[in-house]
There are 2 protein chains.
Amino acid sequence: MNTENAKSQMRKGMLEYCILLLLHKGPAYASDIIQQLKEAQLIVVEGTLYPLLTRLKNNRLLRYEWQESTQGPPRKYYALTLDGEEFLRHLDSAWNELTNTVNILRSGSVAEVILT
Amino acid sequence: MNTENAKSQMRKGMLEYCILLLLHKGPAYASDIIQQLKEAQLIVVEGTLYPLLTRLKNNRLLRYEWQESTQGPPRKYYALTLDGEEFLRHLDSAWNELTNTVNILRSGSVAEVILT
DNA sequence: AAAATATACTTTGCAATACAAGGTACTAAA
DNA sequence: TTTAGTACCTTGTATTGCAAAGTATATTTT
């Protein structure tokens, strides 16, 4: 029962949201995504990211294009589809609800939330 | 790829945190917890909660006491242990990091966060 | 040209956990 | 005695994050 496992579990589901949020700003390829997430304090490894990207693509939330690189093999640049944009808005709602829930639980009883 | 599944996945790990947050305010038994979480907009079912409570108890984060009820069978009232309180503080940090991450990703680039 | 290195993408096996569905046990009322 | 209500528990399944190892392409070094 360590903190690392707890944090890893918190990532579940959140990661999908974070990827979509990131791609909403513009296309990116895997290493790119990992780097940007790291800058946002979220550590993700390849073995997690690649299957996730594939899954999102298979569900038509993402699409990709091959692009040549000047420094190595070509890259798969992923971008949101229209379905992906819509799904992202649903996840926005889900996230809002979740933060609201935590805030209520954090600040004491529901009554206290109303009073303070 | 539906929204319900996504929300269910977001719950992973968060639920543990929410239970500890709730019990931090005082002892409660299972139906109690389900009811309070529902008031905080978080739907949890018995099949999820009971194994979770048992797991937390086995890891010494929770303890329980049987208490008679005037309206049915006795209840298991769960409460945080000292280990549980400490673990809760770690989860507080993890939650703070996660919300920070999402906020960064939501508001555009890191630079934009600083500028706005 | 061959070997080594770097970059990028992929796969496999495992562990953790939410949930549906069903079950057990005790109490009180009809 | 039967029925209804409350509370606790278990089993099987699906999903997903991750470690570890593998494949492929491009560049640099020897």
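Proteins come first, then strands; the chains are lettered A, B, ... in the order of their sequence lines, and each starts at number 1.
- Along DNA chain C, the nucleotide closest to A/Pro73 and the one closest to B/Ile43 are compared, and the more 5′ of them pairs with A/Pro73.
- Closest approach of B/Phe87 and A/Ala6 over heavy atoms only: CZ-CB, 3.9 Å.
- Panel note: side chain B/Ser107, backbone B/Asn103; a donor-acceptor pair is recorded below 3.5 Å.
- Side-chain atoms of B/Asn100 never come within 3.5 Å of backbone atoms of B/Asn96 as a donor-acceptor pair (strictly under, hydrogens ignored).
- Annotation for A/Leu105 and B/Leu37: closest pair CD1-CD2, 3.9 Å, computed over non-hydrogen atoms.
- Screening B/Tyr50, B/Tyr64, B/Trp66 against B/Tyr78 for a ring pair (Phe, Tyr, Trp, His ring centres under 6.0 Å) leaves a single residue, B/Tyr64.
- A cation-pi arrangement is absent between B/Lys76 and B/Tyr29 under the rule of less than 6.0 angstrom and at most 45 degrees off the ring axis.
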Base contacts versus sugar-phosphate-only contacts with protein, heavy atoms under 4.0 Å: please encode nucleotides 9-18 of chain C as B, S and - from 5' to 3'. BBB----BBS
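- Following rounding to the nearest Å, A/Gln67 (CD) and C/dA8 (P) show an atom-to-atom distance of 13 Å.
- Residue B/Gln67 places its CD atom among more than 12 non-hydrogen atoms of other residues, nucleotides or ligands, all under 6.0 Å distant.
- Environment of CZ in B/Arg60: sparse, with no more than 12 heavy atoms of neighbouring residues, nucleotides or ligands closer than 6.0 Å.
- Chain A approaches DNA chain D within less than 4.0 angstrom (heavy atoms of the protein), and the contacting nucleotides run 5' to 3' from D/dT16 to D/dT27.
- Rounded to an integer number of Å, the gap from CD of A/Gln35 to C1' of C/dT7 is 14 Å.
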